[in-house]
Amino acid sequence: PICITGSYARGTILLANPNLKMGVFPIPNDTVETTTLLTGIDAALCVSAAATAPQKEAALAFLEFISRTENAQTFCDADGAPSCLTEVVYKDEGLAPVTAKMQSGPLWDWMGSFIPTTIVNEMYSVTQQYLLDKNTGGYLSGLQTVIVTGAEQAGL
């Protein structure tokens with residue numbers, strides 16, 4: 001079976017299926033050279049613009065801790081997601097196509113890094129509906145509505 005997901009799901013999938021022989025590849029474009037790898041650093045649970053000064057200080061302390069090479073290596077080994085630190089060695093050969101693309105590029109930052117979460121969540125809903133009914137016109141219209149409405153509400 002094939003599943004479209006991110007490397008972040010690897011650890012959970014293997015916990016549920018420890019004997020699974022899993023391989024991954026970047027979602028392809030027309031050619032290998034024009035395929036852009038979607039990337040991102042998941043720090044969403046530790047950084048917030050609405051945080052208080054002590055919360056921001058704690059978040060920065062956590063980021064400093066997890067970005068130490070030895071801690072990032074431990075996390076990478078346990079979680080299974082590749083690290084953004086070049087010193088961390090990714091040991092799962094099943095993700096070799098992704099880690100190779102990380103080295104060669106091009107890369108694109110995950111939309112959740114610069115689009116408000118409310119818009120991203122609504123886009124997921126519209127996309128899920130498209131996967132159910134295959135209505136391309138409805139999908140494009142729904143995305144347009146979500147993006148415009150969300151941007152207006154966010155003051156963008």
Side-chain angles (χ1 to χ4, degrees), residues 1-51 55-128 130-131 134 136 139-140 142-144 146-147 150-151 154 156:
I2 291 181
C3 172
I4 297 177
T5 189
S7 59
Y8 55 83
R10 179 200 169 273
T12 304
I13 291 169
L14 288 177
L15 278 175
N17 304 284
N19 297 321
L20 181 67
K21 293 184 189 280
M22 179 171 51
V24 302
F25 56 88
I27 297 174
N29 198 344
D30 292 336
T31 68
V32 171
E33 296 76 25
T34 61
T35 294
T36 300
L37 183 66
L38 188 61
T39 63
I41 298 172
D42 190 1
L45 297 179
C46 56
V47 178
S48 168
Q55 290 169 329
K56 289 178 185 177
E57 188 175 314
L60 290 172
F62 172 74
L63 289 174
E64 187 280 322
F65 171 80
I66 196 67
S67 65
R68 292 181 205 157
T69 302
E70 64 276 11
N71 296 336
Q73 183 68 61
T74 299
F75 184 77
C76 178
D77 294 343
D79 180 63
S83 177
C84 62
L85 301 178
T86 56
E87 302 85 14
V88 173
V89 177
Y90 192 74
K91 299 173 184 169
D92 184 342
E93 287 301 315
L95 260 74
V98 170
T99 55
K101 192 64 178 172
M102 288 170 64
Q103 298 299 318
S104 68
L107 306 176
W108 183 258
D109 196 18
W110 175 243
M111 66 180 175
S113 299
F114 50 89
I115 296 175
T117 303
T118 53
I119 296 173
V120 173
N121 289 340
E122 288 297 320
M123 289 172 72
Y124 287 155
S125 296
V126 171
T127 301
Q128 182 66 40
Y130 170 72
L131 294 173
K134 307 288 190 257
T136 304
Y139 177 63
L140 295 174
L143 282 180
Q144 178 75 18
V146 165
I147 291 168
L156 301 175

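Excluded from the calculations below are hydrogen atoms, water molecules and symmetry mates; all remaining heavy atoms, backbone and side chain alike, are included. No experiment lies behind these values; they were computed from the predicted model shown.
Between S83 and M102, the closest heavy-atom pair is O-CE, 3.8 Å. T5 and A9 get closest at one heavy-atom pair: OG1-CB, 3.5 Å. Scanning all heavy atoms of the two residues, the minimum distance from T35 to P26 falls at CG2-CB, 4.1 Å. Taking every heavy atom of both residues into account, K101 and L107 meet most closely at O-CD2, 3.8 Å. Closest of all the heavy-atom pairs between V98 and F25 is CG2-C, 4.1 Å. Heavy atoms only, all atoms of each residue included: F65 and N71 are closest at O-ND2, 2.8 Å.
Separating the CD1 atom in I119 from the OH atom in Y124 is a distance of 12.5 Å, to the nearest 0.5 Å. The line from CG of L95 to CZ of R10 is 7.0 Å long, rounded to the nearest 0.5 Å. Distance check, rounded to the nearest 0.5 Å: CD of E70 to CD of E87 gives 10.5 Å. If you take CG on L37 and CH2 on W108, they are separated by 13.0 Å, rounding to the nearest 0.5 Å. Atom CD1 of I66 is separated from atom OG1 of T74 by 8.0 Å, given to the nearest 0.5 angstrom. Put simply, CG on L38 and CG on D109 are 8.0 Å apart, with the number rounded to the nearest 0.5 Å.
Residue-environment remark: CD (E64) exceeds the threshold of 12 foreign heavy atoms within 6.0 Å. For F75, the CZ atom counts as loosely surrounded, since its 6.0 Å shell holds 12 or fewer non-hydrogen atoms of other residues, nucleotides or ligands. Counted within 6.0 Å of CG on L131, heavy atoms from surrounding residues, nucleotides or ligands total more than 12; the atom is thus considered enclosed.
Shown are T127, V126, V120; of these, the side chain to side chain contact (heavy atoms under 4.5 Å, CB included) with V146 is made only by V126.
Side-chain atoms of K91 never come within 3.5 Å of backbone atoms of C76 as a donor-acceptor pair (strictly under, hydrogens ignored).
Partners of Y130 under the ring-ring contact (aromatic ring centres under 6.0 Å, His included) rule, at least two apart in sequence or in another chain, are Y139. Applying the salt bridge (Lys or Arg N to Asp or Glu O under 4.0 Å) criterion to K21, with sequence neighbours excluded, gives no partner residue. With sequence neighbours excluded, the residues that form a side chain to side chain contact (heavy atoms under 4.5 Å, CB included) with L20 are I13, L14, N17, M22.
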